[in-house]
Amino acid sequence: MDRFAWTNGLLEMNETLVIQQRGVKLYDGDDKAKLDVGVVLLTTHRLIWRDHKNHECCIALSLSQIIYFEEQAAGIGKSAKIVIHLYPVTANKEPGPYQQSKFPYIKLSFKEHGQIEFFRRLTEEMTQKRWETPVPQTISTATGSQTGKTRAVGIVGIERKIEQKRKETEQNISEAFEDLSQLMVKAKEMVELSRSIANKIKDKHGDITEDETIRFKSYLLSMGIANPVTRETHGSGTNYHMQLAKQLGDMLLAPLEERGGMMALTEVYCLVNRARGMELLSPEDLVNACKMFESMQLPLRLRVFDSGVMVVQLQSHSEEEMIASALDNVTDKGSLTSEEFAKLLGLSVLLSKERLLLAEKMGHLCRDDSVEGLRFYPNLF
Amino acid sequence: MHRRGVGAGAIAKKKLAEARYKERGNVLAEDQIVQMSKQIETFKSHLEEFASKHKQEIRKNSQFRVQFQEMCATIGVDPLASGKGFWSEMLGVGDFYYELGVQIIEVCLALKHRNGGLITLDELHQRVLKGRGKYAQDVSQDDLVRAIKKLKAMGNGFGMIPVGGSYLVQSVPAELNMDHTVVLQLAEKKGYVTVSEIKEHLKWERERSCHVLDHLLKEGLAWLDSQAAGEPQYWLPALFSEISSRDVTPDEANQMTP
């Protein structure tokens, strides 16, 4: 502890603060130092310690005095520590709290944690040795070393600004994370409450009114909680989805006609969201709205093919008609691949394939499956 | 709006409810729903406050988005479930991901004729970024993955296949089982694979190897180069740009040129 010298704690021109940690007690070797708990500050040049109550009590040692340092793990009733081994005292050392010491090392005891980060930063500084930043020689020699020194300050000044900015960003982000965590705690309460309600609904059906169920579902929707309770009439739908279904019913009629009465759901998704520009629909919103077409007696239907492809189709588009016309087309041309059929009808390849598969399923077409592609022929069997 | 607790009928109902309450010894669902409606209002205002302070953070910082998503997942909340959800409306997370979904679908559709509906996450990322223009917000691969997960709700076979440390994004309902996936992974390094390579690395018989490769050809995911020296090579266009745009170190370059 005799390597420390009193200081006013102010940083020097080129010196930058790297990290500070409160709740640190100093040890002279293995003995507790006759100082209170305080804040330890690591700068690019020095290790500074300041009493947490009496800010006048402030000591420092240069990083250049450190030989090496190591971690000392926490134990039962003991805080984690960093042990720092130091070079012998120099003759011209300023006065400090200790005149002499029998130990060549000190310890920092982290009573409020923070040792991991501190250790990491100390390692960085001891590697970079920024207190040794040399004065750049590149500027004109005319004014010589004087200008050189000014240059160094300029560059270090910029470095310091960058460091400051980084700290600010870190500060902002940590604040954001903290606020986020608190928000999540509250959200979690809502999730638990909704689970409790859902369980009760599941156990006995008749106790809640239709109105209350709808309200409950809309709360789940707002919070983004998965709905475990579905009713036959509306499914996962809420008033919101019913409105959406109506809007879609209006909006999709013309595009559907243009595309042969059928559109893949992904196509609908892009069409609708591009038109909206903002307050976009989520994929689930779209699916839930489409599921309500039938119950709301809109002229559209959501349909899922065996392959998993989901489409919206005009209700007027009867299945038999589609298959009959597909058979006609194929018979006409002798045979067709999905690509050829698509071109013929102005359908997407995906949907034309589905239609041909459907016709095959009904026994009207049969396939020729080779590496050259899938080709459909009229079924003569 | 119902008016509860008024009139003889309501009194009788209340007595019945109290009896049930005593019977069960816990709170009724109806009362909890009332409680929830109050809590929803409170939560909404907390979220508004959070949004006013940190909405920018979510938009600008992809790391923060990751944290946010993971926290939501932990507590059982899906902030992207609906555009009508609080998260979407107040934090604007929804629009960000739903629009990304649109862009992903469009890129996949545009390239399907070439790669059969299979594309590397890297290429998808690059093309989406390009499509968004240089003044748009940055988008990370994590963002893409989350958007793709949401797209699955619409059927259509959006899926992700782990390959060589990253993913292949599948955008067609082509059936790809374990065998197909393993062959894709094998082809990842060079962009193509041969029957012998499959037999050597996977220890399959010829018939099984050919069956898998034929399926990939049929689905348009693989192209056959029958003129290759030695034996036919099955190339996967999805893996093409991965190879042509890979960064090469000076050493590798020296090794490659004869």
Side-chain angles (χ1 to χ4, degrees), chain A residues 172-173 175-177 179-181 183-184 186-191 193-197 200-201 207-209 211-212 215-216 219 221-226 238 240 264-267 269-270 273-274 278-288 304 307-310 349-350 369-371 373-374, chain B residues 2 28-30 32-33 35-37 39-40 42-44 46-47 50 53-54 57 61 63-64 67-68 71-72 74-89 94-95 97-99 101-102 105-106 109 112 150-158 172-173 175 214 217-218 224:
Chain A
N172 286 344
I173 294 189
E175 197 195 311
F177 277 135
D179 287 348
L180 183 63
S181 308
L183 191 70
M184 288 297 165
K186 298 193 176 83
K188 186 161 189 214
E189 286 167 17
M190 305 285 302
V191 174
L193 180 57
S194 74
R195 282 204 188 128
S196 169
I197 297 175
K200 294 197 168 110
I201 295 178
D207 274 345
I208 318 191
T209 65
D211 240 14
E212 281 162 338
R215 257 200 303 160
F216 179 55
Y219 296 154
L221 188 75
S222 298
M223 289 297 302
I225 300 171
T238 63
Y240 170 62
L265 205 56
T266 44
E267 238 189 296
Y269 177 77
C270 290
N273 275 340
R274 283 255 177 247
M278 34 183 252
E279 286 181 18
L280 305 181
L281 301 184
S282 76
E284 278 157 67
D285 285 338
L286 185 59
V287 172
N288 288 333
V304 184
S307 61
V309 173
M310 292 170 87
V349 176
L350 187 71
D369 209 353
S370 71
V371 288
L374 184 57
Chain B
H2 310 286
L28 293 174
E30 298 126 72
Q32 279 191 311
I33 291 184
Q35 182 192 355
M36 189 165 187
S37 81
Q39 281 195 279
I40 283 260
T42 317
F43 183 78
K44 204 170 159 191
H46 281 131
L47 187 54
F50 180 83
K53 282 160 70 178
H54 304 298
E57 214 60 59
N61 187 341
Q63 260 301 3
F64 192 69
Q67 272 290 2
F68 170 73
M71 282 183 169
C72 284
T74 308
I75 63 172
V77 156
D78 181 1
L80 300 181
S82 172
K84 200 70 179 152
F86 287 155
W87 309 99
S88 181
E89 286 188 325
D95 278 7
Y97 285 99
Y98 306 148
E99 189 186 0
V102 170
I105 292 171
E106 289 177 343
L109 217 58
K112 195 167 77 162
K150 283 285 127 195
L151 292 179
K152 283 189 186 190
M154 298 193 288
N156 246 68
F158 261 95
V172 289
E175 261 196 50
D214 281 349
L217 277 179
K218 263 191 260 175
L224 177 60

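Every chain is numbered from 1 and lettered A, B, ... according to where its sequence line falls, protein lines coming before strand lines.
- Nearest heavy-atom pair across B:P173 and A:V309 is CG-CG2, 3.5 Å.
- The minimum heavy-atom distance between A:M223 and B:W87, with the atom names listed, is O-NE1, 2.9 Å.
- In this structure, A:K186 and B:Q39 have side chains that are not in contact, with every pair of non-hydrogen atoms separated by 4.5 Å or more.
- Comparing B:I40, B:V77, B:L151 by how many heavy-atom pairs each has under 4.5 Å with chain A, the most go to B:I40.
- For A:E189, the part lying under 4.5 angstrom from a heavy atom of chain B is the side chain only.
- Using a 4.5 Å cut-off on side-chain heavy atoms (C-beta onward), A:L193 and B:Q32 make contact.
- Contact count against chain B (heavy-atom pairs under 4.5 Å) is highest for A:S222 among A:G224, A:S222, A:A187.
- For a residue to count as touching a neighbouring chain, one of its non-hydrogen atoms must lie under 4.5 Å from one of that chain's; by this rule B:H46 touches chain A with backbone and side chain alike.
- If you measure heavy-atom distances from B:S37 to chain A, the contacts under 4.5 Å come from both the backbone and the side chain.
- Across every non-hydrogen atom of B:D78 and A:E284, the tightest pair is OD2-OE2, 4.1 Å.
- Here the side chain of A:Y269 pairs a donor or acceptor atom with the backbone of B:Y98 at under 3.5 angstrom.
- Counting heavy-atom neighbours within 6.0 Å of B:K44 NZ, excluding the residue itself, gives a total of 12 or less.
- The nearest pair of heavy atoms linking B:F50 to A:A176 is CE1-O, 3.8 Å.
- Side-chain atoms of B:D95 come within 3.5 Å of backbone N or O of A:L280 as a donor-acceptor pair.
- Both the backbone and the side chain of A:Y219 come within less than 4.5 Å of a heavy atom in chain B.
- Note that CD of B:E106 and CZ of A:R274 are 4.0 Å apart. Values are rounded to the nearest 0.5 Å.
- Between chain A and the options B:G85, B:S82, B:C72, B:A153, heavy-atom pairs under 4.5 Å are most frequent for B:S82.
- Side-chain contact between A:N273 and B:E99 is absent, with no heavy atoms from C-beta onward closer than 4.5 Å.
- Contacts of A:I197 with chain B are made by both backbone and side-chain atoms, with heavy-atom separations under 4.5 Å.
- Interface remark: B:L224 contributes no atoms to any contact with chain A (heavy atom separation under 4.5 Å).
- Taking every heavy atom of both residues into account, B:M71 and A:S181 meet most closely at CE-OG, 3.5 Å.
- Both the backbone and the side chain of A:D179 come within contact range of chain B, with heavy atoms under 4.5 Å apart.
- A 4.5 Å side-chain heavy-atom check between A:L350 and B:K112 finds at least one atom pair inside the cut-off.
- A distance of 10.5 Å separates CD1 in B:I75 from CE in A:M190, rounded to the nearest 0.5 Å.
- With hydrogens and angles disregarded, a donor-acceptor distance shorter than 3.5 Å links the side chain of A:S282 to the backbone of B:A81.
- Atom SG in A:C270 sits 7.0 Å away from atom CE in B:M154 (nearest 0.5 Å).
- Note that CD of B:E57 and CG of A:L180 are 10.5 Å apart. Values are rounded to the nearest 0.5 Å.
- Nearest approach of B:F43 to A:L183, heavy atoms of both residues: CE1-O, 3.8 Å.
- With respect to chain A, the highest number of heavy-atom pairs below 4.5 Å among B:Q67, B:K150, B:K84 belongs to B:K84.
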